[in-house]
Amino acid sequence: MKLIVCKFGGSSLADGNNISRVADILRADPARRFAVVSAPGKRFSNDIKVTDLLYECYRSAAQTGSCAASFSAIRRRFTSIVEELGITSFDIEAVLDETEREIGLKKSADFTASRGEYLNARIIAAKLGWEFVDAKDVIFFKENGAFDEEKSYPLIAERLSSCQNAVIPGFYGTDAHGNIKTFSRGGSDISGSIVARAVNAELYENWTDVSGFLACDPRIVNNPEKIEVISFKELRELSYMGANVLHADSIFPVRKGDIPIKIKNTFRPEDAGTLILPSKKYKKHGKTVTGIAGKKDFTVLYLEKSMMNSEIGFARKVLSILEQDGISFEHMPSGIDTLSLVIESKYLTDGVLDRLIGQISEAVHPDYIRVLENIALVATVGHGMAASVGTSARLFKALSDAGINVRMIDQGSSELNIIVGIDNDDYEKCLRAVYYEFFLKGKRKKAEAE
Ligand code: ASP
């Protein structure tokens, strides 16, 4: 039988009403056997997420030895959820008393923060009459803090093989010393992906408060198209550049297992959402460009040295300086006698840039070093680009028509992505120009012809 693992985010579970909606979604398809849940999120725009209340609670317990005052807001959130849902089989006050006591005893930020998911999962399991499976018993981390897949996958598979349905709290597991440890913020997406992989689900449904990915940032482009289908590779390029719906690390477990992800909107379940497919299952959908994304505030270090191509070890020496200084670079476009390093400007403050230039000059004696600051990167992404002749011509013509000076180009080797470096000030104009070229121009022409 088909098996779907669903993950619901905090806004989908913010109060009893939303949790009832989630219960309806889960019951609507018997293939939805396992649900991974976040802590209750915001109910309105200036509300506070339960996870943030818990971190606050941890801080006050650390400072004053008691979290009684800050725990009361958490208590109210959960008791009102239980009341709204009309759950009587569950003594929420007793569970909250125990939680407050444990927070005081354990004195751990991760343990405290994890209680939002723990309590919500217990309540949702009670509402559905499903089994509660604690993430602490099945998700493990290694000594170095990385997720322990060898240990966790068999345990999850084994534990869930005996359940028809289960609710599993997201965001946390157990570290190598038996203590509760959380993923980074938004990490329930990762937990959901891990569970989907462990049980070899057909599909990982990620339910949130938007109807999927958009082809461009809606704060910059008016009403951008929805992306219906996207490959993992395209998503990786776009989300690295700032298109954030899923936690960036959440794609790896399902991607390795060739399991598709579907982004769905809890508040508009009828919307198609975005389907994220592994390369094997991805079919061309006729679009040249799937999406456009970008980020501001990069610095480009441009190095020139004649005969660089025949100087063995040039790039290694430059990169080992970055490594020693603990600086990661984003891109490294190169020519015969040139090498550029694109680095996020935030890593180069407080004299770091000058030190880096000094170290590079000393190590490789370039003829010329130039620094370009306040650079934005814009990525135009799509598998369709490789097959359509003239895509880059269209892109660069669109930029020149918009009067945008291209400071750097990087196509990578995948033919999936063309990245341009432009001045920060041209960023918004650049996104609009590229979006117009690939998403609107054809439609306008067609409409005019009709
Ligand atoms: N509740 C956690 C957070 O707010 C984890 C999650 O929701 O995914 O970051």
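Given the structure is predicted, the values throughout are model-derived calculations rather than measurements. Counting starts at 1 for both ligands and their atoms, following the listed order.
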Next on the checklist: Suppose we measure from atom 7 (O) of ligand 1 to each protein heavy atom; which comes out shortest, and what is that distance?
Outcome noted: Ser38 OG, 3.0 Å
Checklist entry - Are a donor atom and an acceptor atom from the side chains of Tyr118 and Arg122 found within less than 3.5 Å of each other? => result yes
Next on the checklist: I need the contact type for His247 against ligand 1. Using non-hydrogen atoms and a strict under-4.0 Å cut-off, is it side chain, backbone, both or neither?
Outcome noted: neither
Item to check | Asp271/Arg268 ion pair, N-O < 4.0 Å | outcome: yes
Checklist outcome for this item: Residues Thr112 and Leu54: closest non-hydrogen pair is CG2-O, 3.3 Å
Next on the checklist: Between ligand 1 and Gly187, can you find any atom pair, the residue atom being a heavy atom, that is separated by under 4.0 Å?
Outcome noted: yes
Checklist entry - Does some non-hydrogen atom of Glu117 fall short of 4.0 Å from ligand 1? => result yes
Checklist outcome for this item: If you scan protein heavy atoms around atom 3 (C) of ligand 1, the nearest is Arg185 NE, 3.3 Å
Checklist entry - Taking all non-hydrogen atoms of both residues, which atom of Ile194 and which atom of Tyr153 are closest, and how far apart? => result O-CE2, 3.5 Å
Checklist entry - Looking at Arg255, His383, Arg236, which hits side chain to side chain donor-acceptor pair (under 3.5 Å) with Ser231? => result His383
Item to check | Identity and distance of the protein heavy atom lying nearest atom 6 (C) of ligand 1 | outcome: Ser188 OG, 3.3 Å
Next on the checklist: When you measure from the heavy atoms of Gly186 to every atom of ligand 1, does any distance fall below 4.0 Å?
Outcome noted: yes
Item to check | Cation over ring face, Lys296 and Tyr427, 6.0 Å, 45° | outcome: no
